[in-house]
Amino acid sequence: MTTSLSASASGADLLLWVAVPYICLAVFAVGHVWRYRQDQFGWTTRTTQLLEHRWLRWGSPLFHLGAFMVIAGHVVGLAIPDSWTEAVGITEHTYHTTAVWAGSVAGIAMVAGLGMLCARRLLNRQIRRGTDRSDKLLFPLLSATVLLGITATAAHNVFGAGYDYRSTVSVWFRGLFVLQPQPEAIAGAPLLFQLHALTAFLLFAAWPFTRLVHVWSAPIGYLARPYLVYRRRATPAAVPTTAGRTRSASGSGSGSRRAA
């Protein structure tokens, strides 16, 4: 952090936009190591498909598909500078139009799926009783992060005059990872974008201690795993006995051994 940056940022800005993000990222990294070393048996989604599958059949694909699209959009919007997209011929107007409408579709799918997953957990008594403390933290925090992001986009870039977050929020976000934080870049952003950023970093901090760890356990090995061959067990043939009854070949063999 440069001297001019420290002078231009207030103590509250340094706390919210420098200290809190770095603490959350540290917890994210160290927490995953701790969870892997201490709780490998708990490294799972703890699926409840056997208890209820109708809502899960629709809610899970919608949520995961929407989440993948949202994450991809955030990677492009936050990690890639606008100068790079303009260099390959994507104008600012084209980028924002595509981002708004694609992001809206992804957000709606994610909210619909998350709503179904939350509803089945609240309405199904067996699933509700199996909800542990980490889920009680994860679902509200995840819902708040998603809803704040959608609300910010709708309020400012769909129904509002438009807000170029790539010149403020994105600059701050990239600065954190190159160890040149610029808290003043996000300090003047609209409140909804600020709240969305804070809840996202809190979600990163909670990530290692929730079912979200299953993201890092995608079954990639199944793509190269050899086929498993299943064979039906042969039914023992029946052989006649001296009394006119039948018994299996295995029974006959054992009887012969006993007679011998």
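Both backbone and side-chain heavy atoms feed into the values below; hydrogens, waters and symmetry mates do not.
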Spacing of CG belonging to Leu202 relative to CD1 belonging to Ile23, to within rounding of 0.5 Å: 10.5 Å
Asp135 side, atom CG; Ile127 side, atom CD1 - distance, nearest 0.5 Å: 11.0 Å
Are His32 and Phe28 an aromatic pair, judged by ring center distance below 6.0 Å? yes
Are Leu203 and Phe177 connected, step by step, through hydrophobic side chains (Ile, Leu, Val, Met, Phe, Trp, Tyr) whose heavy atoms are closer than 4.5 Å? yes
Distance-only, no hydrogens or angles: does the Asn157 side chain make a donor-acceptor pair with backbone N or O of Tyr163 under 3.5 Å? yes
Using 30° and 60° as the class limits, which term best fits the ring planes of Phe173 and Phe201: parallel, tilted or perpendicular? tilted
Check for a donor-acceptor pair, side chain of His64 on one end and backbone N or O of Pro61 on the other, with a separation under 3.5 Å. no
For Ile150 against Gly107, the heavy-atom pair lying closest together: CD1-O, 3.4 Å
Linking I/L/V/M/F/W/Y whenever any side-chain heavy atoms sit under 4.5 Å apart, do Val215 and Leu117 land together? yes
Does one hydrophobic cluster hold both Val33 and Val27, with members joined at side-chain heavy-atom distances below 4.5 Å? no
Kindly compute the distance separating CD (Gln194) from OG1 (Thr199), expressed to the nearest 0.5 Å. 11.5 Å
Heavy-atom side-chain proximity of Cys118 to Ser143 below 4.5 angstrom: yes
Okay, side chain of Trp172, backbone of Glu184: is any donor-acceptor separation there less than 3.5 Å? no
Let me confirm one number: the CG-OG1 distance from Leu141 to Thr210, rounded to the nearest 0.5 Å. 9.0 Å
Say whether Thr94 and Thr97, considering side chains only, have a donor N or O and an acceptor N or O under 3.5 Å apart. no
So, for Ala109 and Gly66, which heavy atoms are closest and what is the spacing to 0.1 Å? CB-CA, 4.3 Å
Please round to the nearest 0.5 Å and tell me the distance separating atom CD1 of Ile186 and atom CH2 of Trp17. 4.5 Å
Closest approach of Val169 to Ala189 (non-hydrogen atoms, all atoms of both residues): CG2-CB, 4.2 Å
Just so I know, are the side chains of Leu142 and Phe63 near enough to count as touching, which here means a heavy-atom distance under 4.5 Å? yes
Do Phe209 and Trp34 have side chains that approach each other closer than 4.5 Å (heavy atoms only, starting at C-beta)? yes
side-chain contact (heavy atoms from CB on, under 4.5 Å) evaluation trace for Phe139 with Leu114: CA-CA 9 Å; Phe139 281 96; Leu114 183 60; 4.3 Å; yes
Please confirm whether Phe193 and His156 have ring centers closer than 6.0 angstrom. yes
Counting N and O atoms only, with roles assigned by atom type, does the side chain of His96 sit under 3.5 Å from a partner on the main chain of Asp164, one being a donor and the other an acceptor? no
Sidechain-backbone polar pair: Ser104 side chain, Val100 backbone, donor-acceptor under 3.5 Å: yes
Determine, using the 4.5 Å side-chain heavy-atom cutoff (strictly less than), whether Val20 and Phe204 are members of one ILVMFWY cluster. yes
For the residue pair Arg128 and Leu122, what are the closest heavy atoms and their distance? NH1-O, 2.6 Å
Between Asp82 and Thr85, a side-chain donor and acceptor under 3.5 Å: no
For a 4.5 angstrom cut-off between non-hydrogen side-chain atoms, does Glu86 reach Thr91? no
Could you tell me whether the side chain of Arg166 and the main chain of Ile80 form a donor-acceptor pair under 3.5 Å? yes
Rounded to the nearest 0.5 angstrom, the SG-CG distance for Cys24 and Leu198 is 8.5 Å
Is there a continuous path of hydrophobic side-chain contacts, each under 4.5 Å between heavy atoms, that joins Val18 to Leu25? yes
State, yes or no, whether a side-chain contact exists between Leu62 and Met110 at a heavy-atom distance under 4.5 Å. no
Taking all atoms of both residues into account, what is the closest heavy-atom pair of Pro21 and Leu16, and its distance? CD-O, 3.2 Å
Acceptor/donor pairs from residues 69-78 side chains to any protein atom, 3.5 angstrom cut, sequence neighbours excluded:
from: His74; atom 1: ND1; to: Val70; atom 2: O; distance (Å): 2.8

Take a 6.0 Å sphere around OH of Tyr22 and say whether it holds more than 12 heavy atoms from other residues, nucleotides or ligands. yes
For the rings on Trp101 and Tyr95, is their centre-to-centre separation under 6.0 Å? no
Apply the hydrophobic cluster definition, ILVMFWY joined by side-chain contacts under 4.5 Å directly or through others, and give me every member besides Leu192. Leu148, Leu191, Leu195
Ignoring hydrogens and geometry, is there a side-chain-to-backbone donor-acceptor pair from Ser60 to Arg57 under 3.5 Å? no
